[in-house]
Undergrad: 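Starting off with a structure, shown below.
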Amino acid sequence: MIAREIVDFLGLVLSILSNHYVFWYIIFASIIAYGVIKIHKEENKPYLKPLLKIMALYYLLRGTFDIFFM
């Protein structure tokens with residue numbers, strides 16, 4: 001009984017993570033943000049404004065792609 005609930009829960013988690021929108025809008029965007037923050041921290045530069053610019057551009061392009069091609 002408990003094993004079945006665990007399997008159902010893991011199936012739910014995998015279905016959420018494999019969802020197209022969750023991957024592209026949350027996971028991939030987080031990877032990009034982590035990279036931008038890491039690069040700017042190594043160079044001792046402020047990273048908030050460049051991060052906001054890059055994320056705004058990313059979401060604009062991703063949203064445009066989803067509207068026109070999905």
Side-chain angles (χ1 to χ4, degrees):
M1 184 76 178
I2 293 175
R4 179 67 180 164
E5 292 177 7
I6 291 172
V7 169
D8 288 341
F9 176 73
L10 290 176
L12 175 68
V13 169
L14 286 175
S15 69
I16 290 172
L17 290 178
S18 65
N19 186 346
H20 168 77
Y21 294 104
V22 170
F23 177 77
W24 286 109
Y25 282 98
I26 297 174
I27 297 172
F28 190 70
S30 300
I31 293 169
I32 291 173
Y34 175 75
V36 169
I37 290 171
K38 184 177 178 183
I39 290 170
H40 284 287
K41 275 194 169 189
E42 287 175 355
E43 298 173 356
N44 290 327
K45 293 182 179 178
Y47 56 86
L48 185 60
K49 284 186 181 181
L51 177 65
L52 291 176
K53 289 178 186 177
I54 290 172
M55 295 313 294
L57 179 64
Y58 171 74
Y59 282 120
L60 176 72
L61 293 174
R62 189 72 219 168
T64 304
F65 178 81
D66 283 343
I67 290 171
F68 289 115
F69 299 110
M70 290 300 209

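Here the structure is a predicted model, which means the values were calculated and not measured. Computed over heavy atoms, backbone and side chain alike; hydrogens, waters and symmetry mates excluded. Residue numbers start at 1 and run along the sequence shown.
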Undergrad: Could you tell me which non-hydrogen atom of His40 sits nearest to which non-hydrogen atom of Tyr47, and how far apart they are?
TA: CB-CB, 3.5 Å

Undergrad: Within this structure, what is the OH-OG distance for the pair Tyr25 and Ser30, rounded to the nearest 0.5 Å?
TA: 14.0 Å

Undergrad: Under 4.5 Å between any side-chain heavy atoms of Leu61 and Leu57, yes or no?
TA: yes

Undergrad: Does one hydrophobic cluster hold both Ile54 and Ile31, with members joined at side-chain heavy-atom distances below 4.5 Å?
TA: yes

Undergrad: Could you measure the distance from the CD1 atom of Ile27 to the CD1 atom of Ile32? Nearest 0.5 Å is fine.
TA: 12.5 Å

Undergrad: Side-chain heavy atoms nearer than 4.5 Å, only ILVMFWY residues, links allowed to pass through others: does that put Phe28 and Leu52 together?
TA: no

Undergrad: The criterion is ring pair (Phe, Tyr, Trp, His ring centres under 6.0 Å); which residues satisfy it with Phe68, sequence neighbours excluded?
TA: none

Undergrad: First locate atom OG1 of Thr64, then atom OH of Tyr59, and finally report the distance between them rounded to the nearest 0.5 Å.
TA: 14.0 Å

Undergrad: Under a single-linkage definition using a 4.5 Å side-chain heavy-atom cutoff for Ile, Leu, Val, Met, Phe, Trp and Tyr, are Phe69 and Leu60 assigned to the same hydrophobic cluster?
TA: no

Undergrad: Look up atom OH in Tyr34 and atom CD1 in Ile39, then write down how far apart they are to the nearest 0.5 Å.
TA: 10.5 Å

Undergrad: Determine the minimum heavy-atom distance between Tyr58 and Trp24, stating which atoms define it.
TA: OH-O, 2.6 Å

Undergrad: Membership question, hydrophobic clusters at under 4.5 Å side-chain separation (ILVMFWY): are Ile6 and Leu14 in the same one?
TA: no

Undergrad: State the CE-NZ distance between Met55 and Lys53, to the nearest 0.5 angstrom.
TA: 15.0 Å

